[in-house]
Amino acid sequence: MYKDYLKSLPVPKDHSRQVNAYKICKSFLGNYGDKSNIVLDLGCGEGDSIDFFRNIDPDIQWFGLDLESSPEVNRRERQDATFLCFDGINIPFNENYFDIIFCQQVLEHVRHPSMLLKEVVRVLKPGGYFLGSTSQLEPYHSFSTWNYTPYGFHCLLTDAGMNLQEVRPSIDALTLIIRAGLGRPAFFSRCWEKESPLNLFIELVGRLTHKNSSQINFAKLMFCGQFCFVATK
């Protein structure tokens, strides 16, 4: 099963550390150099990613796109960037416009993901990055509609015309289930920054049994609540 999984997915071999959307984005921004100057946050919610991108490049052109109304959009107070609304499918920009499309925990809420991903391909520049995170084994939250397996997500991207470059584990499912059962206390926020408990256990067992990084990543991906991805057009 492990070998078949590796044949179908780009499971990284360099390390097995848990990541989040910002960590994986930062690593790839360094590789993209000075071409990463036009960014779309797809499903921007409150617009929190503005600070992340501006800390990397103060001159970056950041656009936020989301539905007209959602729990996250309705909490937005920022007015220091360009925020646009759309219908959940049609992205209101010309073809080949963006260098990077950032999408953090949004696609599990999208009613028609295949249609939206085709729009992502349309507005992304050739060689540009589509990256972020989405849910696999995460409890229902904020009108969530889907959970994806990494392989199923890979199929969606391929059908839309993108190439999945990398898929990495984020916070584990057990932690997300316990967090939801306790009413999502703020204490759990630290589990996105460091190894969450089940991931920490998998890492320890993997090292004690002399597994390599790709094997440990594979194990974490089997039980992850969320996973991170990088794809190119």
Side-chain angles (χ1 to χ4, degrees), residues 1-14 18-29 31-32 35-36 38-44 49 63 65-66 86-138 144-171 173 214 217-218 220-233:
M1 181 176 65
Y2 165 72
K3 291 182 179 180
D4 292 339
Y5 200 75
L6 286 185
K7 289 179 182 178
S8 61
L9 282 175
V11 179
K13 301 178 181 179
D14 56 342
Q18 173 186 319
V19 298
N20 58 44
Y22 287 117
K23 287 180 180 178
I24 203 167
C25 185
K26 188 173 183 178
S27 67
F28 273 83
L29 277 174
N31 296 332
Y32 208 56
K35 293 189 293 183
S36 58
I38 307 179
V39 174
L40 176 67
D41 186 335
L42 181 60
C44 62
S49 77
F63 296 88
L65 185 65
D66 211 320
F86 80 136
D87 60 4
I89 297 175
N90 300 290
I91 300 176
F93 287 91
N94 294 330
E95 296 180 1
N96 305 323
Y97 193 87
F98 293 101
D99 298 295
I100 290 176
I101 297 180
F102 179 71
C103 189
Q104 181 187 27
Q105 296 305 129
V106 172
L107 292 167
E108 66 271 20
H109 304 280
V110 173
R111 186 170 181 179
H112 303 289
S114 296
M115 298 172 68
L116 178 59
L117 289 173
K118 289 180 180 179
E119 276 288 278
V120 168
V121 171
R122 183 184 66 81
V123 300
L124 191 64
K125 292 179 180 178
Y129 286 123
F130 176 56
L131 42 78
S133 62
T134 191
S135 298
Q136 177 177 227
L137 299 171
E138 181 169 11
S144 57
T145 307
W146 312 104
N147 277 349
Y148 303 94
T149 66
Y151 178 72
F153 189 67
H154 162 67
C155 293
L156 279 174
L157 292 177
T158 301
D159 290 346
M162 281 183 277
N163 179 30
L164 182 63
Q165 297 285 306
E166 182 173 295
V167 58
R168 291 186 185 268
S170 186
I171 189 169
S214 60
N217 277 325
F218 165 72
K220 289 182 179 179
L221 283 167
M222 285 183 64
F223 300 103
C224 67
Q226 300 174 357
F227 61 86
C228 296
F229 61 88
V230 178
T232 57
K233 177 178 174 179

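One is the number of the first residue; the rest follow in order along the sequence. All figures in this text were calculated on a predicted structure; none of them were measured in a lab.
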For F102 and Q104, run side-chain contact (heavy atoms from CB on, under 4.5 Å): C-alpha distance rounded to whole Å, both residues' side-chain angles, the deciding distance at 0.1 Å, then the answer.
CA-CA 6 Å; F102 179 71; Q104 181 187 27; 3.8 Å; yes
Given 3.5 Å as the limit, does a donor-acceptor pair link the side chain of Y148 with the main chain of L107, or not?
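Confirmed, Y148 side chain pairs with L107 backbone.
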Find the distance between [atom1] ([X]) and [atom2] ([Y]) and round it off to the nearest 0.5 Å.
X    : Y    : atom1 : atom2 : result
T134 : L156 : OG1   : CG    : 10.0 Å
W146 : H112 : CH2   : NE2   : 9.0 Å
L221 : L9   : CG    : CG    : 8.0 Å
Q105 : I171 : CD    : CD1   : 9.5 Å
L65  : I91  : CG    : CD1   : 6.5 Å
E166 : Y129 : CD    : OH    : 9.5 Å

Looking at every heavy atom in both V39 and F98, which two are closest together, and how far apart are they?
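Smallest interatomic distance, heavy atoms only, reads C-CD2, 3.8 Å.
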side-chain contact (heavy atoms from CB on, under 4.5 Å) between F86 and L116: does it pass, once the steps are laid out?
CA-CA 11 Å; F86 80 136; L116 178 59; 3.8 Å; yes
Under 4.5 Å between any side-chain heavy atoms of [X] and [Y], yes or no?
X    : Y    : answer
L131 : C103 : no
K23  : N20  : yes
R168 : V11  : no

Under 3.5 Å, which donor-acceptor pairs do the side chains of residues 222-233 form with other protein atoms, sequence neighbours left out?
from, atom 1, to, atom 2, distance (Å)
Q226, OE1, W192, NE1, 3.0
Q226, NE2, E138, OE1, 3.1
Q226, NE2, E138, OE2, 3.3
T232, OG1, Q165, NE2, 3.3
K233, NZ, N96, OD1, 2.7
K233, NZ, V121, O, 2.8
K233, NZ, L124, O, 2.7

Please report the C-alpha distance between F130 and L117 in whole Å, then the side-chain angles of each, then the deciding distance to 0.1 Å, and finally whether the side-chain contact (heavy atoms from CB on, under 4.5 Å) criterion is met.
CA-CA 10 Å; F130 176 56; L117 289 173; 3.7 Å; yes
The side-chain contact (heavy atoms from CB on, under 4.5 Å) partner of L42 among V123, V120, D66 is V120
Please check if any side-chain donor atom of D41 sits under 3.5 Å from a side-chain acceptor atom of S49, or the reverse.
yes
Could you walk me through whether C155 and Y151 satisfy the side-chain contact (heavy atoms from CB on, under 4.5 Å) test, starting with their C-alpha distance in whole Å, then the side-chain angles of each, then the deciding distance to 0.1 Å, before giving a yes or no?
CA-CA 6 Å; C155 293; Y151 178 72; 3.6 Å; yes
Applying side-chain hydrogen bond (donor to acceptor under 3.5 Å, both in side chains), name anything that partners D87, two or more places apart in sequence or on another chain.
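Counting only residues at least two positions away or on another chain, D87 forms a side-chain hydrogen bond (donor to acceptor under 3.5 Å, both in side chains) with N90.
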Output every pair passing salt bridge (Lys or Arg N to Asp or Glu O under 4.0 Å) with a member in residues 105-119, not counting sequence neighbours, ordered by first then second residue.
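Non-adjacent pairs meeting salt bridge (Lys or Arg N to Asp or Glu O under 4.0 Å): E119-R122.
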